[in-house]
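These notes concern the structure reproduced below.
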Amino acid sequence: MKVATWNVNSLRARFDRLKGFLGRHAPDVVCLQETKLEDSAFPVQELAALGYESVFFGQRTYNGVAILAKETPSDVIKGFGDLADDPQCRFLAVRVGNLRIASLYVPNGGEVGSDKFLYKLSWMARWRAWLSARPADERPHLLCGDFNVAPEDRDVHDPVAWKDQVLCHPDERKALTAVREVGYEDVFRRHHDAAGLYSWWDYRMLGFPKNRGLRIDHVYARRDFAAASSSCLIDREERKGKLPSDHAPVLVELAAP
DNA sequence: ATGGTTGCTTAGCAA
């Protein structure tokens with residue numbers, strides 16, 4: 001089966017591009033981030049017409065995650081269900097067939113040391129806690145989304161300029177390592193060693209034409225499931241042309257559990 | 001240090 005994740009930076013603004021993407025790749029499951037749509041505005045019918053059922057957890061203007069699937073999703077989980085009183089819609093998990101999968105949008109973090117940065121670190125700790133609190137066989141096989149962290153310097157176009165900056169800061173990388181230590185693996189790095197492979201490029205300053213990007217969109221697989229993946233690709237084509245998102249989709253081919 | 005671009009919402013914020 002084929003699974004994709006894509007930060008669309010507004011589903012309203014990107015709907016035509018999403019349609020083209022679904023037509024080209026025919027993924028079985030698609031995780032979306034930054035839908036920026038209230039649930040009442042989610043294009044359920046339009047996606048049903050394309051052969052996809054939708055599960056969504058959104059809000060007006062900001063954030064918002066969704067999962068589209070050819071098969072009917074079940075076991076829907078919205079947010080971490082912890083004691084934090086968090087109005088931001090950033091985590092959604094479902095089951096599609098036997099595959100458990102989460103679509104997540106880690107907070108950007110603003111500036112290092114800011115309130116937003118502290119929120120990012122605390123959100124990542126809550127994410128890790130949510131995972132470790134679940135029985136291992138009930139954890140998502142795949143964690144997909146905009147993690148807003150470049151895990152290593154080879155994921156960064158200019159590691160010197162980005163050193164200790166948000167998206168690359170050691171505290172964020174440690175928080176991400178803690179998630180992997182629950183029992184996850186970066187699927188992309190199972191299949192590619194090279195530097196210079198990115199999933200996000202700033203809209204400004206010709207970021208994409210100059211390939212000044214970061215690899216911050218990831219698919220993490222449960223360690224007992226990672227070997228089921230046969231490929232993982234970043235679809236740079238989707239960053240080209242008219243009205244692209246600033247993120248490219250990540251696609252994984254895998255044997256269904 | 002600021003600016004640059006896009007989206008949502010309408011001047012300014014978030015990314």
For A:N63 and for A:L243, locate the closest nucleotide of DNA chain B by heavy-atom distance; then report the residue assigned to the nucleotide nearer the 5' terminus.
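The 5'-side residue here is A:L243.
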
Can you work out whether A:K116 or A:P244 has the more 5'-proximal nearest nucleotide on DNA chain B?
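Counting from the 5' end, the first nearest nucleotide belongs to A:P244.
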
Crowding at [atom1], [X] (>12 non-hydrogen neighbours, <6.0 Å):
{"X": "A:R180", "atom1": "CZ", "result": "yes"}
{"X": "A:D115", "atom1": "CG", "result": "no"}
{"X": "A:Q45", "atom1": "CD", "result": "no"}

I want to check something: taking the side chain as every heavy atom from C-beta on, are A:L214 and A:D202 in contact at a cut-off of under 4.5 Å?
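No, every pair of side-chain atoms sits at 4.5 Å or beyond.
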
Contacting residues from residues 55-62 of chain A, given that a heavy atom lies under 4.0 angstrom of DNA chain B
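DNA chain B contact set from residues 55-62 of chain A: A:R60, A:T61, A:Y62.
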
Rounding to the closest angstrom, what is the interatomic distance between B:dA14 and B:dT9 at atom C1'?
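Taking atom C1' in both B:dA14 and B:dT9, they lie 12 Å apart.
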
Write down the distance separating the C1' atoms in B:dA1 and B:dA11, rounded off to the nearest Å.
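B:dA1 and B:dA11 have their C1' atoms separated by 23 Å.
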
Under 4.0 angstrom, heavy atoms only, what part of the nucleic acid is A:Y105 near: base, sugar-phosphate, or nothing?
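Here A:Y105 touches the backbone only, sparing every base.
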
How would you label the contact of A:R212 with the nucleic acid (heavy atoms, under 4.0 Å): base, sugar-phosphate, or nothing?
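Nothing: the residue A:R212, judged by heavy atoms under 4.0 Å, touches no strand.
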
So which of A:N7, A:V149, A:V106, A:D146 actually passes side chain to side chain contact (heavy atoms under 4.5 Å, CB included) with A:I216?
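Answer to the side chain to side chain contact (heavy atoms under 4.5 Å, CB included) test with A:I216 among A:N7, A:V149, A:V106, A:D146: A:D146.
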
Could you tell me whether the side chain of A:S229 and the main chain of A:S231 form a donor-acceptor pair under 3.5 Å?
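Side chain of A:S229 to backbone of A:S231: no pair is present.
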
Please lay out, stage by stage, how A:F208 and A:D246 fare under the test side-chain contact (heavy atoms from CB on, under 4.5 Å).
CA-CA 9 Å; A:F208 183 68; A:D246 45 351; over 6 Å; no

On the six-membered ring of A:F80, is A:R126 placed so that its NZ or CZ lies under 6.0 angstrom from the centre and within 45° of the ring axis?
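Not flagged: A:R126 not positioned over aromatic ring of A:F80.
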
At the 4.0 Å heavy-atom cut-off to chain A, mark where contacts on DNA chain B begin and end, going 5' to 3'.
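In short, chain A contacts DNA chain B from B:dG4 to B:dA15.
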
